[in-house]
Amino acid sequence: MSRLYDNTPLTNLPQNNINWPSVWNEDTWISKGEGVILEACIKGKSKIAVTDTSNKRVKYFVFHVQPGRVHRRKFDPNGKEIEPNFSETTKVMTGYLNSSYKTEAKGKTDKLTEQELTDLIVKQDLKKITEKTAPNNTLSLWIQESQLDKMDLDNDDIVRIKTSGYSPFIFSIGRVEGQSATVSNFAGGEQVGGSWTDKIMAMKSSVPQDVEDNEIGDDEWDD
């Protein structure tokens, strides 16, 4: 059963007004690099309005999340985003029995630990703003209010997020639907599911059956 999209719970959040002592520019905190893609559980939400010395005002929603699976975003030489390398190895069938397989090297994994994620995206200047409202053991990720039009996200929702470079700013976000792992609604850049789960499953469905039976890709999430 689908949910009716209503961002009223977000717009009704109390707003924290911040006067920034210089010109506000997100690029200040966006470190060069691919950025990360993660699945996480929302544990809290905040609303922040930043006014800088030029009287520019930017409104944000901040999602306080508990990270789950985390990987670096990955791009080909032409700058097109491709799926991350989920693990250093892959399981390949060696016979007709499903229990018969071998493990082969696949290259350096793009998987990140929670500590590596924290080191890459947490910026102390911004953390000082959000830490008062952030639940324990969460990361605070920012997205401009204008990017969340008609977006429906609640506490305990599982979301898939891409960051803008190595920063706490959200490039795109979508809610993951239960066991299907598909993204039902999203905001920001390219649909998160469109460049991860949906595309992976599309590629898998196009592989001939005799080839598909010899490769075990789904378990790589658990490596």
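Along the sequence shown, residues carry numbers from 1.
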Let me see the working for Thr163 and Phe171 under side chain to side chain contact (heavy atoms under 4.5 Å, CB included), right down to the final yes or no.
-> CA-CA 5 Å; Thr163 66; Phe171 173 75; 5.9 Å; no
Does a donor on one side chain and an acceptor on the other come within less than 3.5 Å for Tyr166 and Arg73?
-> no
Flag side-chain contact, heavy atom, 4.5 Å: Leu38 against Arg160 = no
List in chain and number order the residues that pass side chain to side chain contact (heavy atoms under 4.5 Å, CB included) with Gln15, two or more places apart in sequence or in another chain; answer none if no residue qualifies.
-> Asn17, Lys47, Ala49, Arg57, Lys59
Mind telling me whether Phe169 and Trp24 have parallel, tilted or perpendicular rings, with 30° and 60° as the class edges?
-> perpendicular
Check whether any side-chain heavy atom of Leu117 sits under 4.5 Å from a side-chain heavy atom of Ile121, and report yes or no.
-> yes
Between Glu83 and Lys74, is there a salt bridge with N-O shorter than 4.0 Å?
-> no
Taking every non-hydrogen atom, the tightest pair across Pro84 and Ile37 = CG-CG2, 4.1 Å
Nearest heavy atoms of Pro67 and Leu139, plus distance in Å | CG-CD1, 3.7 Å
Which pair of non-hydrogen atoms, one from Leu120 and one from Leu112, has the smallest distance, and what is that distance?
-> CD1-CD1, 3.9 Å
Could you pull out the closest heavy-atom pair between Lys45 and Asn155, with the gap in Å?
-> CE-OD1, 3.7 Å
Correct closest heavy-atom pair for Trp142 and Thr130 would be CZ2-CG2, 3.6 Å
With sequence neighbours excluded, what pairs up with Trp20 under the side chain to side chain donor-acceptor pair (under 3.5 Å) test?
-> Ser22
Once you round to the nearest 0.5 Å, how far does CD1 of Ile48 lie from CG of Asn16?
-> 5.5 Å
Heavy atoms from other residues, nucleotides or ligands near CG of Asp76 exceed 12 (cutoff 6.0 Å) | yes
Is the closest basic N to carboxylate O distance between Asp156 and Lys43 below 4.0 Å?
-> yes
Start with the C-alpha gap between Val62 and Leu141, add the side-chain angles, then the distance that decides, and say whether side chain to side chain contact (heavy atoms under 4.5 Å, CB included) holds.
-> CA-CA 5 Å; Val62 178; Leu141 302 177; 6.0 Å; no
Please walk me through it: do Glu26 and Tyr60 pass side chain to side chain contact (heavy atoms under 4.5 Å, CB included)?
-> CA-CA 12 Å; Glu26 292 182 9; Tyr60 293 92; 2.6 Å; yes
Go through the structure and list residues passing side chain to side chain contact (heavy atoms under 4.5 Å, CB included) with Thr133, not counting sequence neighbours.
-> Ser46, His64
Over all heavy atoms of both residues, which pair between Ile173 and Ile143 is shortest? Give the atoms and the distance, please.
-> CG2-CD1, 4.0 Å
Should we count NZ of Lys127 as having more than 12 external heavy atoms under 6.0 Å?
-> no
Residues Leu153, Arg175; criterion side chain to side chain contact (heavy atoms under 4.5 Å, CB included); working and verdict = CA-CA 7 Å; Leu153 292 172; Arg175 180 166 54 86; 3.8 Å; yes
